[in-house]
Each structure stands twice: as C-alpha cells, then as structure tokens.
Amino acid sequence: MSLLPTTSIAAIAGYEGQTVSLSGWIYHKTEKGKLIFLMLRDGSATIQCVVFKKNVAEDVFAHAQHLTQESSCRITGAVRADARAPSGYELDVQDVEIVGMAHDYPISPKEHGVEFLMEHRHLWVRSAKQHALLRIRAEVIAAAQEWLNAQGFIRYDSPILTMTAAEGTTNLFGTDYFDLGRAYLAQTGQLYVESGMMSFGKVYCFGPTFRAEKSKTRRHLTEFWMIEPEVAFADHAENMVLQENFVSAIVQRVLERRGEDLKTLERDTTPLERVNPPFPRISYDDAVALVNAKYAEVEGCTPLEWGEDFGAPHETLITQQFDRPVFVERYPSAIKAFYMEPDPQRPEVALCADLLASEGYGEIIGGSQRIHDAALLETRIREHGLNVDDYRWYIDLRRYGTVPHSGFGMGIERAVAWISGTRHIRETIPFPRQLYRIYP
Ligand code: 4AD
Ligand code: MG
C-alpha cells in the first residue's frame with residue numbers, strides 16, 4: 001500500500017502541487033506519440049491524467065498503453081492547476097497500477113439505441129449523463145427527507161406486503177401469503193401512514209410502491225418510489241401550501257448543489273429558478289373548459305366531458321398555460337380514490353389536488369384531504385366494491401379521536417424526470433421495472 005495521500009477527484013483542489021494517489025476507472029484514453037491522456041473517473045468527478053514517456057519508468061508507460069475504457073486502476077501523480085481542464089486540475093502521472101482490466105466494454109462513446117443501453121443498464125449507470133441523473137435523484141431524495149425532518153415530520157415506515165388495495169384493484173401485484181390467503185405489494189403507504197399521523201401529528205413514509213400498470217408510457221413504472229407526508233388537523237388548502245413549499249425547497253436545493261449535473265444534462269434551469277410559492281391553482285372544471293378551448297394546440301389532445309380523467313396530452317396542455325407547477329383541484333370523486341373527503345359545498349367533487357409539473361411534465365403529486373367520518377368512510381369502501389372487514393383497522397382511526405387530516409404522495413422518478421429535464425422516467429431510477437422489462 002502506498003503511503004501517499006489518497007483522495008477523491010472532487011477534493012483534488014486541496015492537493016495542488018502535491019503527489020497523490022487516485023483510484024478509479026478509465027473513462028477515455030487518447031495516445032499522441034510519447035503522451036497518453038487518461039481520463040480517470042472515480043465516482044466523485046473526472047480528471048485528465050497525463051503520462052509523458054520521458055517522466056515515467058518503461059513499465060509504467062506500458063501499463064498506461066495497456067489500459068482500456070473502464071479498466072480499473074490506481075494512478076499516482078502530481079496535482080497541477082490547469083485553467084483549461086474541466087475540473088481545473090490535471091495529474092502529471094508518475095505511476096500506474098492496473099487493478100482490473102475491462103475487455104471490449106460494450107458501451108463505447110458512439111451512439112447506442114436506448115434498447116441496447118437498457119439491456120446494459122448495469123454498465124450504463126457509469127456514463128456521464130446517467131451518473132448526473134442518478135446524483136440528482138439522490139439529491140432529490142435527501143432534500144425531500146431533510147426538509148420534512150426540519151419541519152418536524154417523523155419518518156414512519158409502512159409495510160410493503162399488505163392485505164388491501166388503496167389505489168384501485170386493477171393494478172395490484174399479488175402473492176400467496178402462507179395460510180393467510182393473498183397479499184399484495186403496496187400501491188401506496190398512505191393508509192398506514194395515517195395511523196402514524198394520529199400518533200405523531202406529522203409523519204411521512206418513503207419507500208418503493210408497486211402498480212401492475214399495463215400502460216407503456218414514458219411516465220409509468222411498475223415499481224417506483226414515493227414519499228408520502230400526512231398531517232393531522234390539516235385541510236385541503238393547507239395541504240397545497242405544504243406541497244408548494246416542499247417542491248420549491250427541493251428544486252432550489254438541486255439548483256444550489258447539483259448545478260454541474262444539470263449542466264451535464266444540458267438542462268435549461270430558467271424554468272426551475274421560477275419554482276417558488278405560491279403555485280397557481282385551477283379547478284378541475286376550469287381545466288376541462290381550458291382543454292376544450294385549446295385541445296387543437298397539442299398533438300393527441302382530445303376534448304373532454306365533465307367526469308373524464310386527464311391523459312398525458314391534457315396535462316401537457318394545462319401546464320403550458322403556466323410558468324410554474326400548477327395545482328388542479330377538486331376532481332370528480334368518481335375518478336379518485338375511496339378515501340378522499342367530499343367537498344361539503346359540492347359532494348360530487350373531492351377535496352383533492354394533483355400537482356402538475358411545468359414544461360409538459362404533468363402529474364408529480366397526488367394528494368387530498370381524507371374522510372375522517374367513520375360512517376362515510378365505510379360507505380365509500382362498500383361503494384368501491386371493497387371488503388369492509390379488511391379495512392377495520394383503517395376505520396378504527398376514525399373511531400378513536402378522529403381529526404380532519406390531509407396528505408400527499410410525490411413520485412420520486414416523476415419529480416427527478418422533471419427537474420433534470422429527462423423525458424422518460426425509465427432513466428431516473430437505477431433499475432426501471434416496466435411492463436416489458438425486468439432484466440437486468
Ligand atoms: O396519485 P397517486 O396514485 O396517489 C397516491 O398513491 C396517494 N396514496 C398519495 C397520497 O396521498 N399519500 O400517486 C402519487 C404519485 C403520482 O403523482 C406520481 O408522481 C407517482 O405517485 N406515480 C407513479 N410514478 C411512476 N410510475 C407509476 N406507475 C406511478 N403511479 C403514480
Ligand atoms: Mg394520481
């Protein structure tokens with residue numbers, strides 16, 4: 001083992017003029033006679049390492065010549081500031097130690113089709129754009145949790161194996177559960193997180209959720225991650241204020257901390273800089289009227305009858321009217337989940353909102369005030385053709401100290417797709433699960 005300081009490339013500025021040892025993978029190599037340029041990446045950043053034949057031992061130069069794209073190695077050299085280098089520094093190489101050779105790495109710098117890249121997802125995550133995207137994902141997750149923690153929310157984990165449906169029965173993944181019958185992968189943690197809300201006041205769950213979606217769209221995965229806050233004594237209006245503050249805080253933190261990654265992705269950050277509260281609010285009724293007036297402007301967009309749900313083109317059209325995310329509120333109860341509180345003035349609509357992200361991205365959050373009356377909740381469960389007995393515990397929450405309460409769920413992949421400017425959400429998670437993909 002060398003006694004030289006081992007550092008990460010991201011921290012290289014602290015070692016100017018010193019000799020350091022870096023460990024990583026060869027991103028790119030070019031040879032120009034007596035010079036070899038090794039672009040080394042170590043996960044934190046990349047740096048150009050310059051091997052000059054006359055400065056190194058013969059075997060060291062041979063090692064450098066031998067290295068191929070994605071071979072792993074340890075490189076020792078002197079850190080030199082270079083204004084032209086993307087990182088501001090270069091390494092004048094003294095030693096090269098090969099750790100693991102990569103032979104015929106399948107992903108070359110040339111263009112590959114997305115099917116080929118998805119088939120090699122386990123390797124594709126090393127590429128610059130994927131790396132930037134997944135870093136933004138990690139930042140979004142950290143920002144979301146830390147913001148909620150700072151607001152006094154308690155993380156309250158919900159189970160993944162559940163007995164019941166919460167978001168419709170047509171997209172459940174089922175499995176046999178010993179002698180107890182069928183169990184289903186959670187579509188949401190919401191029902192469980194509501195029990196935590198009655199214990200802690202403000203809680204959130206965060207975890208994978210599952211929907212056997214038969215849709216093959218750019219916005220649907222069968223396994224996605226959702227963060228779901230739930231607040232006691234909060235009504236529908238307060239729920240939207242919480243959401244606009246939450247989303248703005250996440251976007252601003254990504255702008256502050258992941259500027260380099262947004263640049264790698266060529267994301268125009270101007271629309272993101274506008275993401276500050278308050279967000280506009282539009283009723284479902286007005287949104288339908290808007291669609292019917294302007295549907296011809298968006299490809300694939302059709303007129304709507306009151307009571308129909310929006311498709312992706314409708315959401316695109318709605319978001320195009322605003323310069324920041326927009327809430328569409330008070331949807332017809334008939335097209336929403338059983339647990340939503342009806343509007344007391346108009347019981348045919350629910351006290352709910354979807355938050356549609358700008359620039360055509362569409363829904364990233366679904367939320368609502370919840371029914372807090374036990375009898376009404378039971379009626380709704382029956383009307384939805386669900387077995388009341390399975391929801392005994394959930395109805396209990398309304399029997400023992402019920403309170404008005406509200407919450408929402410933000411899909412991490414949809415949020416990351418929007419913030420990073422990535423059209424398809426399949427690239428916003430390390431291993432997307434889709435109707436036609438479970439490998440790798
Ligand atoms: O609107 P949804 O279905 O709402 C719920 O599940 C509520 N229980 C949330 C709550 O109030 N606690 O889903 C919420 C969000 C959507 O807005 C979207 O961002 C994401 O989850 N989502 C999906 N993301 C990827 N693929 C899918 N198939 C998704 N379905 C929903
Ligand atoms: Mg929804």
Side-chain angles (χ1 to χ4, degrees), residues 114 129-145 147-148 206 209 211 213 215 217-221 223-229 240 242-282 287 298 310-328 353-367 408-430 432 434:
V114 74
K129 285 198 171 169
Q130 299 306 311
H131 184 265
L133 207 42
L134 294 175
R135 252 185 196 272
I136 290 172
R137 176 190 172 91
E139 194 71 46
V140 166
I141 291 171
Q145 294 205 82
W147 189 84
L148 290 171
F206 174 52
T209 43
R211 310 242 174 127
E213 305 269 13
S215 41
T217 79
R218 65 182 176 86
R219 315 197 293 170
H220 288 95
L221 297 171
E223 177 179 317
F224 61 97
W225 288 63
M226 182 156 45
I227 189 154
E228 298 182 86
M240 288 190 289
L242 178 67
Q243 289 170 53
E244 62 197 2
N245 289 332
F246 174 72
V247 167
S248 301
I250 293 168
V251 169
Q252 296 313 318
R253 174 158 154 178
V254 172
L255 282 173
E256 274 162 34
R257 303 199 190 179
R258 301 269 51 101
E260 278 304 312
D261 295 319
L262 291 168
K263 212 179 280 171
T264 300
L265 296 168
E266 296 166 40
R267 174 62 160 125
D268 173 10
T269 54
T270 333
L272 297 178
E273 278 147 24
R274 284 194 296 263
V275 179
N276 285 302
F279 297 167
R281 287 136 169 83
I282 172 175
V298 171
F310 302 130
H314 302 115
E315 290 189 359
T316 299
L317 189 153
I318 297 164
T319 69
Q320 283 173 356
Q321 317 303 313
F322 302 93
D323 74 343
R324 66 194 72 197
V326 53
F327 288 108
V328 178
D354 281 0
L355 181 66
L356 311 187
S358 14
E359 303 164 84
Y361 278 91
E363 180 190 341
I364 55 167
I365 288 182
F408 65 90
M410 182 180 83
I412 295 294
E413 293 74 19
R414 297 249 187 113
V416 172
W418 164 55
I419 295 171
S420 65
T422 306
R423 221 182 103 72
H424 204 300
I425 67 170
R426 67 188 159 205
E427 293 177 36
T428 64
I429 184 166
Q434 296 169 276

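Any value given below was found using the heavy atoms of this structure, including those in side chains, with hydrogens, waters and symmetry copies removed. All residue numbers refer to positions in the sequence shown, counting from 1.
F224 is not listed as a side-chain neighbour of I425, based on a closest heavy-atom distance of 4.5 Å or more. The closest side-chain heavy-atom distance from L262 to I136 is below 4.5 Å. In this structure, I419 and I250 have side chains that are in contact, with non-hydrogen atoms separated by less than 4.5 Å.
Of all heavy-atom pairs between P229 and L148, the closest is CG-CD1, 4.0 Å. Pairing each heavy atom of L265 with each of K129, the nearest pair is CD2-O, 3.5 Å. Here the closest heavy-atom approach between residue M410 and residue F246 is recorded as SD-CE2, 3.8 Å. Taking each heavy atom of P430 and P432 in turn, the nearest pair found is O-CD, 3.6 Å. When all heavy atoms are compared, the tightest approach of L134 to E427 is CD2-O, 4.2 Å. Nearest heavy-atom pair, T319 versus G360, reported as atom, atom and distance to 0.1 Å: OG1-N, 3.0 Å.
Crowding of E260 atom CD: a count of heavy atoms from other residues, nucleotides or ligands under 6.0 Å not exceeding 12.
Of the possible donor and acceptor atoms, one in the side chain of E315 sits under 3.5 Å from a partner among the backbone N and O of E363. For the pair R324 (side chain) and P280 (backbone), a donor-acceptor distance under 3.5 Å is absent.
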Please assess F408 against L355 for the test side-chain contact (heavy atoms from CB on, under 4.5 Å), listing each intermediate value before the final yes or no. CA-CA 10 Å; F408 65 90; L355 181 66; over 6 Å; no
Can you check side-chain contact (heavy atoms from CB on, under 4.5 Å) on W225 and I141, steps first, answer last? CA-CA 10 Å; W225 288 63; I141 291 171; 5.7 Å; no
Pair Q321, I282 - check side-chain contact (heavy atoms from CB on, under 4.5 Å), show working. CA-CA 11 Å; Q321 317 303 313; I282 172 175; over 6 Å; no
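Salt bridge status for E244 with R281: present, with a side-chain N to carboxylate O gap under 4.0 Å. A salt bridge is absent between R253 and E256; no separation between the charged side-chain nitrogens and carboxylate oxygens falls under 4.0 Å.
With values rounded to the nearest 0.5 angstrom, I364 atom CD1 is found 10.0 Å from I412 atom CD1. Here Q243 contributes atom CD and D354 contributes atom CG; the two are 9.0 Å apart, rounded to the nearest 0.5 Å. The CD1 atom of I365 sits 10.0 Å away from atom CD1 of I227, with the distance rounded to the nearest 0.5 Å. Here the straight-line distance linking atom OG1 of T264 with atom CD of Q130 works out to 12.0 Å at 0.5 Å rounding. Residue F279 holds its CZ atom at 8.0 Å from CG of N245, rounded to the nearest 0.5 Å. Within the model, atoms CG of L356 and CZ of F322 stand 9.0 Å from one another, a figure rounded to the nearest 0.5 Å.
Residue pairs satisfying the salt bridge (Lys or Arg N to Asp or Glu O under 4.0 Å) criterion with at least one member in residues 408-423, sequence neighbours excluded, are listed as follows: R137-E413.
Side-chain atoms of S215 and T217 form no donor-acceptor pair, as typed in the model, at a separation below 3.5 Å.
For R426, the side-chain hydrogen bond (donor to acceptor under 3.5 Å, both in side chains) criterion is met by no residue, not counting sequence neighbours.
Between D261 and the choices R258, K263, R257, the salt bridge (charged side-chain N to carboxylate O under 4.0 Å, His left out) rule is met once, by R258.
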